[in-house]
Amino acid sequence: MDGAAALLFYVNGRQVIEKNVDPETMLLPYLRKKLRLTGTKYGCGGGGCGACTVMISRYNPVTKRIRHYPANACLMPICSVYGAAVTTVEGIGSTRTRIHPVQERIARCHGTQCGFCTPGMVMSIYTLLRNHPDPTLDQLTDALGGNLCRCTGYRPIVDACKTFCNTSGCCQSKENGVCCLNQGINGFPELEEGNKTSSKLFSEEEFLPLDPTQELIFPPELMILAEKQPPTTRVFAGERMTWISPVTLKELLEAKAKYPQAPVVMGNTSTGPEVKFKGVFHPVIISPDRIEELNVVNYANNGLTLGAGLSLAQVKDTLAAAVQKLPEERTQTLRALLKQLGTLAGAQIRNVASLGGHVVSRHVDSDLNPILAVGGCTLNLLSKEGARQIPLNEQFLRKYPSADLKPEEILVSVSIPYSRKWEFVSAFRQAQRQQNALAIVNSGMRVFFGEGDGIIRELSISYGGVGPTTICAQNSCRKLIGRPWNEEMLDAACRLVLDEVSLPGSAPGGKVEFKRTLIISFLFKFYLEVSQLLRRMDPVHYPSLADKHESALEDLHSRPRLSALKYQHATGEAIYLDDMPAMDGELFLAFVTSSRAHAKIVSIDLSEALSLPGVVDVLTEEHLQGVNSFCFLGQPEKLLDSETVFCVGQLVCAVIADSEIQARRAAKRVKIVYQDLESVILTIEEAIQHKSFFEPERKLECGNVDEAFKVVDHIVEGEIHLGGQEHFYMETQSMLVVPKGEDQEIDIYVSTQYPKGIQDVKRARPASREDLLANYGSNPNRGHRCFGLEAPGEQGHVSCEACWRSIRGKAFKTGVLAAITAFAANKHGRAVRCILERGEDMLITAGRHPYLGKYKAGFMKDGRILALDMEHYGNGGATLDESLLVVEMGLLKLDNAYKFPNVRCRGWACRTNLPSNTALRGFGFPQAGLITEACITDVAAQCGLSPEEVRTINMYKEMDQTHYKQEINAKVLIQCWKECMATSSYSLRKAAVEKFNSENSWKKKGLAMVPVKFPVGLGSRAAGQAAALVHIYLDGSVLVTHGGIEMGQGVHTKMIQVASRELRMPLSNVHLRGTSTETVPNANVSGGSVVADLNGLAVKDACQTLLKRLEPIISKNPRGTWKDWAQAAFNESISLSATGYFRGYESNMNWETGEGHPFEYFVYGAACSEVEIDCLTGAYKNIRTDIVMDVGCSINPAIDIGQIEGAFIQGMGLYTIEELNYSPQGVLYTRGPDQYKIPTICDIPTEFHVSFLPPSQDSNTLYSSKGLGESGIFLGCSVFFAIHDAVSAARQERGLREPLKLNSPLTPEKIRMACEDKFTKMVCSSPQILNFCPLSCGQVLLAHHGGFPWKKK
């Protein structure tokens, strides 16, 4: 095998030749660091978020065709792109040359907020359009299935996609021959045109046309290379690894014989994550390149043979074609495979992952192997010794040596037999999320009757996700042979399978009861499917299914419906922190964190870490003496702790090296010896038991609760658990510190939303209560560029251009990370960069507080609640952080939209041994509001009323007082509620839902409507002060600087609008620079929904000051231009620069008396959501959501709608999907997109409508506008209660009358287990019962100490 002279490929039409390539390098760091193409982002490193999507183009000399496909650059080894053309977001258009129609439409449809995910979205859509210039909606949404967005709620992205479809304005549904545009929404009439309050946000007529002839051509040189390339193996050798790329089957076999232990890598989607997250190392990797025999597609008389080298996307296309050309009875197995491929991973993974790799990896959650196993498929193997075949059966899946590949063998192809007449094959899966999520349980099932007598001749059943490998229920199937296909057989089959597929209560991964229920629920679905097919084939001998069963076979209602920020997001030109070029002599810092929840550190051995080449230093607590501590509300905290640790993920030390790779390698070699300490407290119950609280309780009381309980008709008591939530900002915590060398100054570029707070930590200054109050609430954000931050003993400043979508996760904890990084830079006099990996970011920074809410409500028969006694417990974690403030805010906001005349509420911040939870969008209200709504739902059930009726009767009535004695005018609240009732056609749809439920047993619909009264304010005037600086230049342009941080919420855009409006000049004349403490000192935290309010009033003040100065100049020349006026003012020595200042809203709260005026105003709204659930699996789909909001007088409707939609989808994730899993030892298992699921594009409502009330001038805010960053998140609970309604319908039909208790997040597991039926009873009566507990902290503690041994990271 001859070594190749160089690695040759093209990037954006330019040739790249790399002569000394390191095989361990991935394409992403090569693009970003070597080629400085930073538009492609690093989001997770595991192919789970899509931020790094690029287009790969390859020419096939056999077919003479070019294949374009999306791929995750973070998983693609650089050596694998030999002979390929790589296109990044920079290559399709830019603001400096020509913007591409995809980029333009994403921007103009307001499909970008933080912008971090936007380049990946753009490239996914662009690649689809290269292959399908006129795509369908299904193709577009499928193309985006592998891309995550935390900001927008996806709706504007889908709107941008729809403009590329011919029928972009239509739902493309012609059910009953009537288009949705003619019949109104969802079959129900819409309001009269005059009552609609939302307007179109973009004009399609202005878009650039899509012209495929203008795209980059595939480099002719690569075509010539592919046609004339001699068949010689390429070898790339690095310091530690050798990459061998055979181009013929013979050379592949020779390489495998020489290196039998070397993995064969095609897409690197299995080996790559193992190397990155598990530390697996392969000295040699074999990667076949375009070997024809591995890409064969052969139609034979008895079956279809697929080459092992085909990508899963190619397999999907091949199967789709086969299903079209072959008789239906021969394609049962092919159809089952095709069904699973529709939801398996995202397009980026499917286009590079190979069929052979998927089969041979034998992952426990493989979606294809169970089907291939029951389908009787054969694996065609080859080695230098010859060819042989082995069956893909349970022995192969269990890796029995006699049934496995030999080390020197390769898998050449997979033979899939055609199905026969009277043979049926089905596939099933259930995951945490509909798409791009590993299955919790999947299954393949096959039955063959031989003749049409309904007697079982052959039966095969396989399950994934219920053991260390795919399990085949062979014994059960054997015992069922010869039995007729009837309900007696089904009952016996369920019991046999439950007995054979053993899943003890301590099984890894938990969810045992749910998994066992799915095992037999899938079996029931298979029974119904086959029965229906038998009926279709022989209606005389097979009776039709009962109407109530037919819904079990129907898919959920799932067809998706396809803010004023810069084009730079869409073109990749926006600069994020890690996009900044490396400085001369730059070092990298990596943290070492605790692996124990509560322990004394006995010793730390740094010798092995320091011995690695390139390692400069390891910082410990000893190095930071004198500057290692700071205080929040009197609670001392350390930056680094080398003595005692109080949670897994606590910072112990920091490794500094000359490269990121070496710093991370060295961090893993720091040896820490622990001595475990007693009283490890993880849950709220444990904290209550040990009285582990940060401070005494907080309490508010209004009226006489005890006396009120004596006069009510009924009393109900209950509790609800709410899980935590990860921020999951797309850009992880990032900072770059650059020493200036002058007066000990440093520049710190840091992704933060609170530059002043970082300075406070640097100075080790105790944070005041006013500082912390500034953190009430939060907007989603993106990582921000900040520079000039002060380290201990140094001079410095902070400036931030943006903190994109931090969702309040980049405030105080960012200061801790930045302080350590600044100390390292100061100590060594060199620039130091620190970028957290997604997993360590989630581990260190934690997120939203898990909650336990207890309530006791006294109410009358008509649903009026007269007495309410509530207890709130928040899991604060190991240190105080902002936990007490979150609890206080929860108590203040617990009333939501309701007047409770007698209420007592108490709250505690629990101290536990988990990473400290912190602020997150909504700041306590999403938890407190859900507890209240759960109480309302309980009261409604007791009264025999709908929850909406109880909500209405208890709602604030115009002028009133809250439980803390603040005046409130709820007229607009009532208006929102009535408007939402009307626009959603609530009454008509409620009747339709009830009719549907009466006709369907296994699918149920639910409808719920929830109001919101979101108080806006920061709790103190000091926390609300803001400043701005406005300059007018002699050319008539204006530069604005203010104290707010752009986080994707559009504050910069709004500030430009304010300046334009006040100075009466075009928007194009106004420019804006990022926040800097050099220009705007002591800027408060950006959060609490008031960033635009406060800073806009400061900008307005500065502009009015300038106008007043310039009045004489303008009056002399009223027809002049700003250029004329500026020059005239300059000539008369009139200052063209002004500062603006706003003192903050009046705000106070006395916790001793329980009275105050903590909020400036209230945001009102209502949401109505309709869902459909699958009672057999727990899957659900949000069919429709209608939201009506009071926004005052919107400054920018596009931005405000984007905020509401994005918040709603994040709230929907909080209440239904996003689940944090911990071990009993306090180890976080859900550390990335593979385990922690946020909503994807397929999870958004099929119909999503947001409208505003008519503008009102009642507010004292900026132009009577209102802050909308947080209020929408609570409305996501309308989906929670719609599911609750559907589950209640299922239980009522089954005669279950006891109160329904559902906790958040309401995952498929909880939905399925709440829909009790004969299958759940069968599982619960089994001796193999559940042995794990979803605890009140809301996090699931998995019983097995190993957690997820099959996919640890």
Side-chain angles (χ1 to χ4, degrees), residues 41 43-53 69-75 117 120-121 123-125 127-128 137-150 152-154 157-158 161 267 269-270 272-273 311-313 315-316 338-353 358 363-368 427-442 464-465 555-556 558-560 562 726 728 730 838 1177 1179-1182 1209-1210 1212-1213 1216-1219 1230-1244 1307-1308 1351 1353:
K41 306 302 181 190
C44 69
C49 71
C52 64
T53 302
Y69 58 92
N72 294 117
C74 69
L75 285 180
C117 68
M121 295 279 183
M123 292 310 299
S124 290
I125 300 170
T127 306
L128 175 68
L137 277 179
D138 286 342
Q139 287 175 321
L140 282 162
T141 51
D142 181 67
L144 291 174
N147 294 79
L148 297 181
C149 174
R150 194 51 150 167
T152 64
Y154 298 102
I157 298 171
V158 175
C161 291
T269 57
S270 181
S311 72
L312 295 181
V315 170
K316 183 182 177 185
L338 195 56
K339 176 184 175 182
Q340 297 297 66
L341 284 167
T343 53
L344 194 159
Q348 298 92 328
I349 296 294
R350 290 198 302 269
N351 273 284
V352 297
H358 185 93
H363 292 302
V364 61
D365 39 35
S366 162
D367 283 332
L368 303 187
F428 307 96
R429 79 188 303 269
Q430 182 58 46
Q432 189 84 346
R433 193 172 60 197
Q434 292 184 55
Q435 190 173 344
N436 193 19
L438 297 175
I440 297 168
V441 177
N442 53 33
D555 290 333
L556 291 174
S558 60
R559 186 189 296 112
L562 297 171
E726 163 61 25
F728 215 92
M730 296 306 293
R838 175 67 60 190
T1177 64
Y1180 85 92
K1181 176 60 187 176
N1182 187 356
I1209 295 300
Q1210 187 181 358
M1212 186 182 75
T1216 65
I1217 298 175
E1218 300 179 38
E1219 186 174 54
T1230 43
R1231 293 196 204 173
D1234 279 354
Q1235 298 90 22
Y1236 185 79
K1237 299 302 177 184
I1238 69 172
T1240 65
I1241 199 166
C1242 66
D1243 298 306
I1244 65 175
T1307 59
K1351 47 180 184 290
K1353 290 188 179 180

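The figures that follow rest on heavy atoms only: side chains count, while hydrogens, waters and symmetry mates do not.
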**Item:** Test side chain to side chain contact (heavy atoms under 4.5 Å, CB included) applied to D1243 and T1216, I1217, I1238, N1182, the passing residue
**Value:** I1217
When rounded to the nearest 0.5 angstrom, what is the spacing between [atom1] in [X] and [atom2] in [Y]?
{"X": "R429", "Y": "Q434", "atom1": "CZ", "atom2": "CD", "result": "10.5 Å"}
{"X": "L128", "Y": "L144", "atom1": "CG", "atom2": "CG", "result": "8.5 Å"}
{"X": "R350", "Y": "T269", "atom1": "CZ", "atom2": "OG1", "result": "12.5 Å"}
{"X": "T127", "Y": "Q348", "atom1": "OG1", "atom2": "CD", "result": "8.5 Å"}
{"X": "T152", "Y": "Q1210", "atom1": "OG1", "atom2": "CD", "result": "11.5 Å"}
{"X": "S124", "Y": "L140", "atom1": "OG", "atom2": "CG", "result": "11.0 Å"}

When you measure from the side chain of [X] to the backbone N and O of [Y], does any donor-acceptor pair fall under 3.5 Å?
{"X": "D142", "Y": "D138", "value": "no"}
{"X": "K1237", "Y": "A437", "value": "no"}
{"X": "N351", "Y": "A71", "value": "no"}
{"X": "Y154", "Y": "I1244", "value": "no"}
{"X": "N442", "Y": "D365", "value": "yes"}

Quick check: do [X] and [Y] have side-chain heavy atoms less than 4.5 Å from each other?
{"X": "I349", "Y": "L312", "value": "no"}
{"X": "S366", "Y": "H358", "value": "yes"}
{"X": "F428", "Y": "V441", "value": "no"}
{"X": "I125", "Y": "C161", "value": "yes"}
{"X": "L368", "Y": "L344", "value": "yes"}

Testing the basics here: between [X] and [Y], what is the closest heavy-atom pair and its distance to 0.1 Å?
{"X": "M730", "Y": "C49", "answer": "CE-CB, 3.9 Å"}
{"X": "P1239", "Y": "G1213", "answer": "CG-CA, 3.7 Å"}
{"X": "E1218", "Y": "E726", "answer": "OE1-O, 4.1 Å"}
{"X": "G45", "Y": "C74", "answer": "C-SG, 3.7 Å"}
{"X": "M121", "Y": "I157", "answer": "CE-CD1, 3.9 Å"}
{"X": "G146", "Y": "N436", "answer": "CA-ND2, 3.5 Å"}

**Partner set under side-chain contact (heavy atoms from CB on, under 4.5 Å) for P1233, not counting sequence neighbours** = C44, L148, F728, R838
**Message:** Could you check whether Q435 and T1240, counting side-chain N and O atoms only, form a donor-acceptor pair closer than 3.5 Å?
**Reply:** no
**Prompt:** Can you list the steps and then say if V315 with L341 is a side-chain contact (heavy atoms from CB on, under 4.5 Å)?
**Reply:** CA-CA 9 Å; V315 170; L341 284 167; 3.9 Å; yes
